[in-house]
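Reading through the structure tokens given below for one structure.
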There are 4 protein chains.
Amino acid sequence: MGTPGLADRIVEAGGRLFAEQGFHATGIRAIAQAAKVSIGSIYHYFESKEEILERIVRAEIDRRREFLEGLRKQGLPLEEQVRLIVQHHFSLLREGRDSARLFLREWFDPTPELRTKMYRLYDEVAGYIAQLIEEGIAAGEARPCRPLVAAYTILGLVEAVSLRALSGDETAALLMEEGPRELAESLWLWLRR
Amino acid sequence: MGTPGLADRIVEAGGRLFAEQGFHATGIRAIAQAAKVSIGSIYHYFESKEEILERIVRAEIDRRREFLEGLRKQGLPLEEQVRLIVQHHFSLLREGRDSARLFLREWFDPTPELRTKMYRLYDEVAGYIAQLIEEGIAAGEARPCRPLVAAYTILGLVEAVSLRALSGDETAALLMEEGPRELAESLWLWLRR
Amino acid sequence: MGTPGLADRIVEAGGRLFAEQGFHATGIRAIAQAAKVSIGSIYHYFESKEEILERIVRAEIDRRREFLEGLRKQGLPLEEQVRLIVQHHFSLLREGRDSARLFLREWFDPTPELRTKMYRLYDEVAGYIAQLIEEGIAAGEARPCRPLVAAYTILGLVEAVSLRALSGDETAALLMEEGPRELAESLWLWLRR
Amino acid sequence: MGTPGLADRIVEAGGRLFAEQGFHATGIRAIAQAAKVSIGSIYHYFESKEEILERIVRAEIDRRREFLEGLRKQGLPLEEQVRLIVQHHFSLLREGRDSARLFLREWFDPTPELRTKMYRLYDEVAGYIAQLIEEGIAAGEARPCRPLVAAYTILGLVEAVSLRALSGDETAALLMEEGPRELAESLWLWLRR
DNA sequence: TATGAATGAGTATTCATTCAT
DNA sequence: TATGAATGAATACTCATTCAT
């Protein structure tokens with residue numbers, strides 16, 4: 001409601017441009033122009049270009065965490081939960097959600113400090129999934145395994161495949177179409193008791 | 001035999017530095033210094049900084065392809081092949097093979113052209129794995145599925161997990177230790193008939 | 001009496017910061033923060049950053065002029081007057097009086113207009129000293145000389161030495177300790193009939 | 001001989017511009033333009049803008065040191081030496097020697113590190129003068145005093161007066177004309193036995 | 001009076017690339 | 001082949017100043 005604040009416009013424009021061209025290739029001037037904001041305003045709200053990226057990533061993580069928290073409260077069987085997690089991820093991609101794309105990019109390029117922060121945020125999400133799996137094991141739905149390793153396996157699998165699915169070519173289209181079902185099935189075959 | 005040529009020295013130094021610091025953070029002067037080569041020589045052998053990266057990536061892909069070709073000739077059962085593919089990947093990481101790290105980095109940052117090239121090279125490897133799976137299906141070892149999607153699943157899974165395993169923290173250590181066995185098992189549970 | 005006005009707080013904070021870090025290195029925001037005043041208020045009371053400096057310098061000049069006027073009224077012998085002028089200057093420095101330090105700084109850096117203003121203010125002080133000398137010559141205490149040149153000599157001598165005395169090292173300590181007596185003596189040896 | 005190298009052109013242009021407008025007011029682009037050199041070349045030869053200033057100051061100090069060394073070898077009476085030091089200084093100013101002007105400027109503005117360097121260089125010159133005075137005392141020409149304090153007195157006196165003499169107004173003209181004789185006389189009256 | 005969000009020209013510096021030798 | 005001096009467009013970021021509230 002109401003017009004979005006400058007900070008929001010900056011984050012939105014930054015997210016889009018970073019996702020399209022990469023963090024390094026996106027200049028602060030381009031962000032300012034895209035957000036219809038002065039360069040000075042960017043630095044009024046953010047300490048640096050990196051802080052913009054950080055905010056974007058944090059927001060994306062938050063969204064995923066909320067989804068997982070909501071999922072957990074529903075008490076669905078683990079198989080269904082896995083299916084929904086995979087679907088959720090792909091639907092974010094399909095919507096063309098910029099930050100979903102960005103999230104897959106920039107894992108490595110920024111300074112080590114940012115990378116450390118990103119790992120920490122990522123670990124939060126993995127922790128949620130590990131919890132779901134742990135409960136699934138306790139309920140006898142899943143075979144005994146290390147929940148955290150399994151969580152990273154799920155996340156990694158889903159992200160790596162969706163990464164390829166973003167390229168825009170034929171292989172990408174195939175993965176985008178068949179990916180969700182095939183991945184959810186694979187994961188369940190692997191996790192189930 | 002004999003001293004390596006200038007081009008080799010450049011590729012070797014570039015690979016090391018790109019992997020350590022990233023493509024953008026590595027200057028051409030740093031490469032020149034590390035390779036004990038003049039800046040002029042770099043441009044004598046390579047058109048641009050990107051071409052150095054391209055060569056490094058191509059070499060890495062070639063090494064993997066050779067491994068997969070060799071694997072295929074041995075006619076092992078698919079379960080064993082999957083196990084060896086996973087193991088091979090992790091052992092490259094464990095050796096600290098620079099280009100293996102690099103391969104995981106720079107997936108996204110460079111110009112779109114380079115990205116396209118990288119996809120193409122990556123697809124080569126995926127194609128080899130898809131072939132192995134196709135043969136496994138034909139031999140009744142694996143359940144029917146889309147081989148290319150399955151190949152990307154395997155590659156994506158392995159790379160995404162190893163990506164996290166490179167961070168150097170505790171989670172990374174856990175993934176590095178438990179990852180290969182757990183992943184191979186997962187993949188086989190999923191692929192088998 | 002009562003709380004000092006905003007303008008005073010700004011001048012006080014500006015004087016301190018300029019003296020500590022220099023005019024260029026001190027931002028308007030730092031002044032606002034130190035004075036616990038909004039940026040807007042600064043521009044309400046002053047036209048520009050330079051005007052703050054100008055006010056500080058003017059105040060310092062005024063203080064010196066007052067001292068010199070008071071000195072003149074006492075009708076002391078010129079030798080004594082010279083001694084007191086030197087002492088006064090060093091005691092300002094020793095007290096750590098910010099504007100005394102500032103006065104020695106920023107002689108040159110600001111825009112030409114400000115420099116001109118500073119010269120004019122400085123000339124006021126020199127004029128007072130020249131007057132004292134002129135009266136000393138008339139009274140037969142001092143040798144005949146150009147009073148204005150002599151005044152600049154005195155001012156320059158004292159300031160240049162105190163400049164060096166501000167550095168905080170060993171030489172500075174020596175100058176701070178021996179400077180006042182030695183300088184007063186020198187000046188009198190040189191001025192006296 | 002032959003055309004001066006790029007580094008020389010940069011130093012020359014930098015010295016001129018710094019002296020005219022001050023260190024802060026002189027941009028690197030202005031130096032590049034004035035020296036008819038690319039910005040890149042400046043950074044090829046100098047690490048930073050400050051390094052240019054440093055080189056200029058060092059050169060100026062070197063020139064003065066050479067003059068003082070030459071003076072000392074001539075074995076003139078101290079009175080004559082003092083006269084020549086003062087004259088030398090003023091003749092540098094009169095020649096419009098840029099670095100002489102610069103030397104008087106920028107005593108304070110740059111970073112603390114540079115200031116420390118400048119003090120150290122300045123102390124070298126003061127040390128030479130102190131030596132001359134010490135020998136003068138030993139020879140019975142000068143009254144006993146602390147040579148280093150006396151040296152700073154001489155330097156400070158000369159520089160402070162010449163500082164004022166640079167302003168370009170009437171007072172400046174008076175100081176420029178009468179300064180050398182008057183100062184030399186003053187100093188000798190003060191130093192002599 | 002008083003505020004501080006908004007501005008954008010300006011800054012020093014970097015770095016891939018070229019080219020005369 | 002081999003060099004490295006020379007280039008200059010591009011970069012992230014600063015900061016005095018304005019102005020609507």
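The figures that follow rest on heavy atoms only: side chains count, while hydrogens, waters and symmetry mates do not.
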**OP:** Starting at CZ of B:Phe46, measure out to CD of B:Glu50 and round the result to the nearest 0.5 Å.
**Re:** 13.5 Å
Subject >> Watson-Crick or G-U counterpart of F:dA9, or none if no pair lies under 3.5 Å >> reply: E:dT14
**OP:** Would you mind telling me which residue lines up with the more 5' stretch of DNA chain E, A:Val37 or C:Lys36, judged by nearest nucleotide?
**Re:** C:Lys36
**OP:** Provide the start and end nucleotides, 5' to 3', of the part of DNA chain F that has atoms under 4.0 Å from heavy atoms of chain A.
**Re:** F:dT11 to F:dT14
**OP:** To the nearest 0.5 Å, tell me how far B:Ser41 OG sits from B:Leu6 CG.
**Re:** 5.0 Å
Subject >> Whole angstrom value for the distance that separates P of E:dT7 from NE2 of A:His44 >> reply: 10 Å
Original post:
Can you tell me how far the CG atom of C:Asp62 sits from the CZ atom of C:Arg55, to the nearest 0.5 Å?
Top reply: 11.0 Å
**OP:** Kindly indicate, with the supporting measurements, whether the criterion side-chain contact (heavy atoms from CB on, under 4.5 Å) is fulfilled by D:Ile31 and D:Phe18.
**Re:** CA-CA 9 Å; D:Ile31 297 175; D:Phe18 288 164; 3.8 Å; yes
**OP:** State which residues pass side chain to side chain contact (heavy atoms under 4.5 Å, CB included) with D:Ala34; sequence neighbours excluded, sorted by chain then number.
**Re:** D:Ala13, D:Arg16, D:Leu17
Original post:
E:dC15 P sits how many Å from B:Gln21 CD, rounded?
Top reply: 11 Å
Subject >> Between CD1 on residue B:Ile52 and CD on residue B:Glu47, distance to nearest 0.5 Å >> reply: 11.5 Å
Original post:
Considering heavy-atom distances to DNA chain E, does C:Leu6 or A:Leu6 have its closest nucleotide positioned more toward the 5' end?
Top reply: C:Leu6
**OP:** Apply side-chain contact (heavy atoms from CB on, under 4.5 Å) to D:Tyr43 and D:Ile28, showing your working.
**Re:** CA-CA 10 Å; D:Tyr43 284 92; D:Ile28 216 77; 3.8 Å; yes
Subject >> Watson-Crick or G-U counterpart of E:dA9, or none if no pair lies under 3.5 Å >> reply: F:dT14
Original post:
Does CD belonging to A:Glu124 count more than 12 external heavy atoms closer than 6.0 Å?
Top reply: yes
Atom pairs, N/O to N/O, protein against nucleotides 9-13 of chain E, distance under 3.5 Å?
{"residue": "E:dA12", "atom": "OP1", "partner": "D:Lys49", "partner atom": "NZ", "Å": "2.6"}
{"residue": "E:dA12", "atom": "OP2", "partner": "D:Ile28", "partner atom": "N", "Å": "3.0"}
{"residue": "E:dT13", "atom": "OP2", "partner": "D:Tyr43", "partner atom": "OH", "Å": "2.7"}
{"residue": "E:dT13", "atom": "OP2", "partner": "D:Lys49", "partner atom": "N", "Å": "3.1"}
{"residue": "E:dT13", "atom": "O5'", "partner": "D:Tyr43", "partner atom": "OH", "Å": "3.4"}

**OP:** Look at all strands and tell whether B:Phe46 reaches a base, only sugar-phosphate, or nothing, counting heavy atoms closer than 4.0 Å.
**Re:** nothing
